[in-house]
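A quick write-up on the structure given underneath.
Start at 1 and go down the list; that is how both ligands and their atoms are numbered.
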Amino acid sequence: LTAFVVFASFSCKNDSNKATNEEESQEKPNIIYVMADDLTIQAISAYGGIYKDIAPTPNIDRLANEGMLFEDVLCTNAICGPSRASILTGDYSNVNGYYKNESGGKFDASKWTFPQEFQKNGYQTSLFGKWHLGSEPKGFDVFKYHNSAGQQGHYWDPVYNENGKDVKETGYSSNLTTNFALNWLENQRDKSAPFLMLLQYKAPHRPWEPDHKYEKLWEDVEMPYPVTFNDDYKGRELTAGDTEMTVDFFSRRDMKLKSPDSLEGKERLAWEFYGAKPGELVQPEGMSYQDGRKWRYQNFIKDYLACVKSVDDNLGRVLDYLDKNGLTNNTMIVLTSDQGFYLGDHGFFDKRFIYEESLRMPFIVRFPKMVKPGSVNHDIISNIDFAPTFMDIAGINTDHEVQGKSFKKVLQGNTPEDWQQAMYYHYYEFPYWHHVQPHYGIRTPQYTLAHFYYNIDVWELYDREKDPNELHNIINDPQYSNVVEHLKEELKGLMKQYGDDESLADFRKITDKDFGLIVDK
Ligand code: SGN
Ligand code: CA
């Protein structure tokens, strides 16, 4: 009963008071949350960019045309598990406790998460695809998540954990995950109740294995190179300049080289995974270093974009299903990623940095009842704001407080005057994978200020109005001394606000575990 009372206070103006409880409950909005893994803005044609005409994403673009595209949705800790934990809890890593992927342990399943709240409030709830939080999902009537390779999942013939039991499926993961989701929508849920569905693709995460039909899609095309492909990391030698995520670190597996039959087990894995170390570049014999860089990038970007194409196709299947079943109007559908990704930008792949390409998350919302078609938003929003927003949209009240804020008003095209003008960032995982120095910082509409710590002590400042590609670290430019002072003050304030301070130093410690490579067969 509570759910109906709560609903009444959030109902739209044309809802009739005379409606029966059943009708009212049917009008509670459905939510489909689609999150692809490592999908980035540069790969989505609705956002523009260099691949727009060669590798368009028509279904994602359709969502943008019919909904709102967000330019400044930012990730508070740009890596998979931690971002997912922040999305589910509405809290920063230092509060929800899940701050690193590999060695941060499991997500504490006793924490509050928004799906549990939806389930308690009369929603049918489900999860399909990538979970990657170690502990068993809570708050879902039905779940089926990737449960191989340390929950990263496999592209082909993946093992899923279906409601507590492992099942090996046959086929391509993006298609399979969508099949399960559509089957639940059509055959398994109680259609008289509203639903919340989390549809979380493994693609386009490493090792970027396309569906066979897309393997040779761009064989004869030379993909364009991002403008920062040849970044020389001047003024950023110890940070951006000291990683293991440049295109020189692509492995033999990334380049789809077949291992010799004579190699087995660990030896074979080592050959495939760790082929690329400095001085051990994976490239055809006799090729120059510069041509080798391009060759590696071409192989990677084609596979990556082909994986995105399957995500886009499958999103199209979901949109079709909604259309055919009269669910389009009353369903809020969100398309996002767990963070951004470098597609050769700054010479990188992977994510982790506070720099724009990994910090910004693609985020598009279609909800015809509330959101103006074809609108674009530039407000600063972060992944801790998702949970309170979904709760707000569904009209669910709770006593539990989260750090994020609902941006329902933003969706309505009516951003509050006191909306946040800065976001706080903190990345912890080091040195594996990819050797990105731990750092925290602040990101405003104009500036990015970051402090890289642990075994270095480096500050960086970027004026993104003048330097949108963040190539010039101006931390020591006297013209900016006031800006630095002001931003440092603001940063301090945000750390205090979010409870992230020196008392958590232990939490930020790098332990022996962080130096071990974890390979799951
Ligand atoms: C794996 C990848 C890394 C990637 C992490 C985290 N290596 O370890 O390249 O950064 O996942 O990704 S792989 O050789 O096993 O593919 S995340 O999306 O889960 O955060
Ligand atoms: Ca990810």
Evaluation steps, side chain to side chain contact (heavy atoms under 4.5 Å, CB included), between Y160 and F128: CA-CA 9 Å; Y160 288 82; F128 300 100; over 6 Å; no
Non-hydrogen atom of R352 closer than 4.0 Å to ligand 1: yes
Metal site the Ca ion (ligand 2): N/O/S of Q339 inside 3.0 Å: yes
Apex the Ca ion (ligand 2); atoms D38 OD1 and D338 OD1; angle rounded to 10 degrees: 100°
Proximity flag K130 to ligand 1, non-hydrogen atoms under 4.0 Å: yes
S83 vs N383, side chain to side chain donor-acceptor pair (under 3.5 Å): CA-CA, chis, key distance, verdict: CA-CA 7 Å; S83 175; N383 58 346; 3.2 Å; yes
The Ca ion (ligand 2) to D37: nearest N/O/S atom name: OD1
N377 side chain vs F70 backbone, donor-acceptor pair below 3.5 Å: no
Presence of salt bridge, E71 and R360, under 4.0 angstrom: yes
Heavy-atom nearest neighbour of atom 16 (O) of ligand 1 within options H434, Q152, R84, R253: R253
Sole candidate of Y498, Y99, Y427 that passes ring-ring contact (aromatic ring centres under 6.0 Å, His included) when paired with Y92: Y498
Within-cut-off N or O pair, C80 and ligand 1, under 3.5 Å: yes
Enumerated ligand 1 atoms positioned under 4.0 Å from heavy atoms of H132: 19 (O)
Heavy-atom neighbours of K216 NZ exceed 12 at 6.0 Å: no
D37 neighbourhood, listing ligand 1 atoms whose heavy-atom distance to it stays under 4.0 Å: 18 (O)
